[in-house]
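This report refers to the structure that appears directly beneath it.
Chain naming here is simple, since letters A, B, ... match the order of the sequence lines and numbering starts at 1 in each. All values below were derived from every heavy atom in this structure, side-chain atoms included, with hydrogens, water molecules and symmetry-related copies excluded.
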Amino acid sequence: MSDTSSSPATQATPTEAARPVRTRYAPSPTGFPHIGNYRTALFEWLAARHSGGQFVLRVEDTDRKRLVPGSIEGIMEGLRWMGLTWDEGPDIGGPYGPYLQSERKPIYREYADQLVAQGDAYTCYCSEERLEQMRAGQIARKEPPGYDRRCRYLTPEERAAREAEGITPVVRFAAPLAGQTAYHDYLRGDLTFENRTIDDMILLKSDGLPTYNFANIIDDHLMDITHVIRGEEYISSAPRYAQVYRAFGWEEPTVIHVPLVLAPDRSKLAKRHGALPLLDYRDMGYLPEAICNFLLLLGWSYDDKTEFFTLDEMIRVFDDRRISVSPAIFDKSRLDWFNGVYIRKLSPEELTKRAMPFLLAGLPESARVSVNPAYASRVLALDQERLKTLADAPTLTSFFFVEQPEYDSALLLGKNMDAPQATETLRTLIPTLAGLAAWEPEAILAALDAYVVDHGFIRKKADGSEVPDRGPVFMLVRVGVSGRKETPGLPEMLTVLGKERTLSRLRAAQQTVEAVAGE
RNA sequence: GCCCCCAUCGUCUAGCGGCCUAGGACAUCACCCUUUCAAGGUGGAGAUCACGGGUUCGAAUCCCGUUGGGGGUACCA
């Protein structure tokens, strides 16, 4: 490559271009990707699906040191969970395989050799120690750190000497020394960088594997990726990529940099700051529909009023031009809201199906035995609108399943009733309920109401008028039966709980308040 | 340090020169509904559109600068 400026690859290649859109998600199996990573995947998937193109999964496992066993499976599991299906990938293959970069080693070597042969790359024998010292010196002298290009100007003799020493070289790109490099950023326009700020990046590491930077370029080209969608942190690397594309004489893909997802402290979302892997959200009881919807609206927008999208609707309306350019903070309370909304949208069957595993996992050992699907289904329906996550299910509903809820007697005595009063109420109310022919909400409510009126529970309204006061009696029964002050609606709850259980619990409650009254 | 990106309510955002005394949503507050908690309904507070200059008859919208935030600066991706 010459040392002159290269022109920006300003080609109009919007999504609606003629050739089919091919995007790729290219994770590195060094761990379990967090939500920000999957948002990029969502956008990539959407861009492909919107235009009827293909979505490719390519695993960038070129860093053997940081490889985490099982992470490839985890990455795919996350994708599947969200519903992001891929057309080509390591598990299913495809016409451009293999899709595991570690299996493509010879390919990168071949292209690196070509660059060396053209004079656009060279072998470098500098040790990591020297590189480190060089950098330290540069920083001390307040110079911009970067490779000093010592090996770029080695004579053939010097090169042969190093080879004779048995040093395994890396391959570096011979970047243009002067002028500027510009590339076209799909969302930001032409971005220009001074070539003197760009050093000679490593293409092939001494272990023979390519760096991310190089493998990415080669594979995106070879796999015919038309739209490269990646995080904003790669903007500063983009001109380097452009230089390599141009050295090969390859057409550059459309490059879309999506804005970063930030932690609440405004730093880049990263695991070391507590960003959770996507699958943790699944395990915490979040719905994939909610996650997808939330993620879609983080850095992308449709209009000023539509807030809910199914995956199909997303595909239909997705417009890559509406991806934002400014970073967004991950707002958990908004995610929680979406999750609640989606839980409330679930059909009873679907709710049961999804919440059951959480119920079984979260309920105390002794309670689990009573979890039969039909009963659990009715219980869950009662608490559906109270669930923020599916994992809330066991704590919210545990009293339905235990033999007898345990609680403090003080809880039973509300501010409106003392122990003798409570004793008397339970003593007379239990037979009333026991006498009910039909154990259903209407009948229970009617009986309770009649009791309230008959026993003179009255409340004064603001305007001075007096109305029956359900409060004290309802709360006594509520706590007596559940051991809590916050529960679903009483008649419905008693119905689901069943007559037997209701009565036996109320009798136990009666004993409790009697004991207090007797003191 | 150097290079680069970004900048509308606490948060996610609408806005792409006049429809904006800036709209919606989350969160928050109040009230209503009500047997509790939720859910739901209504309403409130909350952004001099970071600041300063231009351009224009007219700027949140275009340009420049400042400030602030973020990213990059690895034989990591």
Nucleotide nearest [X] when distance is taken to its side chain, options [options]:
X: A:W337; options: B:A77, B:C26, B:U36; value: B:C26
X: A:R478; options: B:U36, B:C75, B:C6; value: B:U36
X: A:S326; options: B:A27, B:U11, B:A7; value: B:A7
X: A:R266; options: B:G69, B:G71, B:C5; value: B:G69
X: A:Y212; options: B:A77, B:A39, B:C3; value: B:A77
X: A:P145; options: B:A74, B:G23, B:C75; value: B:A74
X: A:R334; options: B:G71, B:C3, B:A25; value: B:A25
X: A:E486; options: B:C26, B:U36, B:G40; value: B:U36
X: A:I235; options: B:C26, B:C4, B:A77; value: B:C4
X: A:R470; options: B:C5, B:U34, B:A27; value: B:U34

Take atom [atom1] in [N] and the same atom in [M], then report the distance between them in whole Å.
N: B:G40; M: B:A45; atom1: P; answer: 22 Å
N: B:G68; M: B:U8; atom1: C1'; answer: 15 Å
N: B:C9; M: B:G46; atom1: P; answer: 14 Å
N: B:C37; M: B:G43; atom1: P; answer: 23 Å
N: B:C20; M: B:C26; atom1: P; answer: 22 Å
N: B:C75; M: B:C6; atom1: C1'; answer: 32 Å
N: B:A27; M: B:U11; atom1: P; answer: 16 Å
N: B:G23; M: B:C31; atom1: C1'; answer: 24 Å

Starting at [atom1] of [X] and ending at [atom2] of [N], how long is that distance when rounded to a whole Å?
X: A:F399; N: B:U36; atom1: CZ; atom2: P; value: 16 Å
X: A:K332; N: B:C12; atom1: NZ; atom2: C1'; value: 16 Å
X: A:D185; N: B:G71; atom1: CG; atom2: C1'; value: 14 Å
X: A:L346; N: B:A39; atom1: CG; atom2: P; value: 17 Å
X: A:R141; N: B:G1; atom1: CZ; atom2: P; value: 18 Å
X: A:L411; N: B:U36; atom1: CG; atom2: P; value: 16 Å

Please name the nucleotide paired to [N] by Watson-Crick or G-U wobble geometry with both distances under 3.5 Å, or report none.
N: B:C19; value: none
N: B:C9; value: none
N: B:A14; value: none

Validate the cation-pi geometry between A:K388 and A:Y286: distance from NZ or CZ to the six-membered ring centre under 6.0 Å, angle to the ring axis within 45°.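 Judged by the rule, A:K388 and A:Y286 form no cation-pi pair.
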Whether A:R130 engages the ring of A:Y125 as a cation-pi pair (distance to the six-membered ring centre under 6.0 angstrom, angle to the ring normal within 45°) should be assessed.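 Pair A:R130/A:Y125 does not count as cation-pi.
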Electrostatic pair A:D331:A:R334 at N-O distance under 4.0 angstrom: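 So A:D331 does not pair with A:R334 through a salt bridge.
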Need to verify one output field. Residue with the more 5' nearest nucleotide on RNA chain B, A:E233 or A:P144? A:P144
Please tell me which of A:N213 and A:K268 maps to the more 5' nucleotide of RNA chain B, matching each residue to the nucleotide holding its nearest heavy atom. A:K268
Calculate, to the nearest 0.5 Å, the distance between atoms CG and OG1 belonging to A:D454 and A:T432 respectively.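 Rounded to the nearest 0.5 Å, the CG-OG1 separation comes to 8.5 Å.
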Does atom CZ (A:R196) have a neighbourhood of more than 12 heavy atoms from anything else shown, all under 6.0 Å? no
Counting only heavy atoms from other residues, nucleotides and ligands, does the tally under 6.0 Å from OH of A:Y302 exceed 12? no
Could you check whether A:V170 gets within reach of a base, just the sugar-phosphate, or nothing at all, counting any heavy atom under 4.0 Å? base
With distance as the sole criterion, do the side chain of A:Y302 and the base of B:A14 form a donor-acceptor contact below 3.5 Å?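 Counting by modelled atom types and ignoring angles, no donor-acceptor contact under 3.5 Å is found here.
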Do any side-chain nitrogens or oxygens of A:K205 fall under 4.0 Å of OP1 or OP2 in B:C76? yes
